[in-house]
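Report on the structure given below.
The sequence lines fix the lettering, A, B, ..., with proteins before strands; numbering per chain opens at 1.
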Amino acid sequence: MHELSVVRALLTRLKPYQHREIRRITVEVGTMSCVDGERLQFCFDMVKEEAGLSGAELVIQVVPARAECRHCGRHFTPDKAGDACPCSSHDYTLTSGRQLLLTEIGFG
Amino acid sequence: MCGHCGCSGDKARLSTPGSEIHRHLRHEGDSLQLQQALLAGNDELARQNRDWLTAHGITCINLMGTPGAGKTRLLEATFTHVNASRQAGAGWPPMAVLEGDQHTQNDARRIQACGGRVVQINTGTGCHLDAHMIQAGLATLAAPDGALVLVENVGNLVCPALFDLGEQHRVAMMAVTDGDDKPEKYPHLFAGCGLAIINKADLLPYLEVDLDSIKSALRRLNPHVQILVLSAQSGEGLNAWYDWLLSTRP
């Protein structure tokens, strides 16, 4: 379950701010990032007490994928990997959807 | 306006040359707005690995796939072939392997038995290799300059896809016994590889497997992927694999 590794990386990112009471942590997870939001939440809840974050809530903002077709130039939203552009081409560049970002820390 | 996250451009930003990651020093009430890549730590180590590999002329290949796809068998066949080719006077770069598994040195022993330089990386509870493990593994492996280093990742079609090791090439491997729909079930790994290997082709006469459907699924996920159908056991199709390996040299 690689989501636990992602949570560990998140805890490392939070360390410099833990002299204050962290109440809310917002992360952006792209639908093509290979990370499952529910599992990420589960892993975070599993370790948060041990990490001194028992009062913190993890807010996961799922970011849909966006793609630019190399064949017709159109911008579209694939639901999942392997979806075709409306022009039927599978040759496209993802312009969004791979992100895995810490975007906000809310303090108490 | 920041093209990365859409924030106002008049706020202070911190970034590193060459990095897409930046931080915003913007306080809004009692919260801090950031744009930090969660895996920035791993990605930085991967970048260091890549720089080190390039400086030493070493090509690193990340071989990922299902447990039982035949990754170790393919490496055994490769070392056996390369050793025989060298004895026959053919030129091959020095080769070495980093073996990733949760436990045991079984695979490292198999590679060693074929005359390969190898270091085993045991991940313990971990389900994938990461850039830090590769950094430590490369230091212990001490492959000579110009070598070809094959990393056998932990047998898993999910987790390894997320972690950049600093490798120059990614190979995704499955076997015909895994079922037609493996690429569609595990799209991220197959979408992110340059080469896809379908192994155990010698078993095709005994199975109801639609090879064309596997290839079509791979091309839908990854239109530029190279596909090799082979059998590490019988040797069928291995010459194309050896040609591909040699083609990865800088």
Restricting to non-hydrogen atoms, name the atom on A/L101 and the atom on B/Q35 that form the minimum distance, rounded to 0.1 Å. CD1-OE1, 3.3 Å

Could you tell me the separation between the CD1 atom of A/I22 and the OG atom of B/S31, rounded to the nearest 0.5 Å? 12.0 Å

Distance from B/L39 atom CG to A/H2 atom NE2, nearest 0.5 Å? 9.0 Å

Name the member of B/N156, B/L221, B/N222, B/L38 that forms the most heavy-atom pairs with chain A at distances under 4.5 Å. B/L38

For atom NE2 of A/H90, is the number of surrounding heavy atoms from other residues, nucleotides or ligands below 6.0 Å larger than 12? yes

Check: A/D91 and B/R219 side chains under 4.5 Å, non-hydrogen atoms: no

Residue B/F163 versus chain A: region with a heavy atom under 4.5 Å: side chain

Is A/R23 close to chain B through its backbone or its side chain, or both, or neither, when contacts mean heavy atoms under 4.5 Å? neither

Does any part of the side chain of A/T103, heavy atoms only, come nearer than 4.5 Å to the side chain of B/Q33, both counted from C-beta? no

Are there more than 12 heavy atoms of other residues, nucleotides or ligands under 6.0 Å from atom CZ of A/R98? no

Please tell me if the side chains of A/E104 and B/L32 come closer than 4.5 Å, counting only heavy atoms from C-beta onward. no

Heavy-atom count around A/Q61 CD within 6.0 Å, excluding the residue itself: above 12? yes

Which atoms of A/R70 are under 4.5 Å from chain B, going by heavy atoms: the side chain, the backbone, both sets, or neither? side chain

Salt bridge (charged side-chain N to carboxylate O under 4.0 Å, His left out) assessment of B/D30 paired with A/R24: CA-CA 10 Å; B/D30 234 2; A/R24 194 178 65 256; over 6 Å; no

Check each atom of A/T26 against the heavy atoms of chain B and say whether the ones under 4.5 Å are side chain, backbone, both or neither. neither

Approximate separation, where rounding is to 0.5 Å, of A/E28 CD and B/L34 CG: 11.5 Å

For the residue pair A/S5 and B/H128, what are the closest heavy atoms and their distance? OG-CE1, 2.9 Å

Side chain, backbone, both or neither of A/V27 within contact of chain B (heavy atoms, under 4.5 Å): side chain

Could you walk me through whether B/L162 and A/L100 satisfy the side-chain contact (heavy atoms from CB on, under 4.5 Å) test, starting with their C-alpha distance in whole Å, then the side-chain angles of each, then the deciding distance to 0.1 Å, before giving a yes or no? CA-CA 10 Å; B/L162 185 61; A/L100 204 51; 4.2 Å; yes

Is there a side-chain contact between B/P187 and A/K80, using heavy atoms and a 4.5 Å cut-off? no

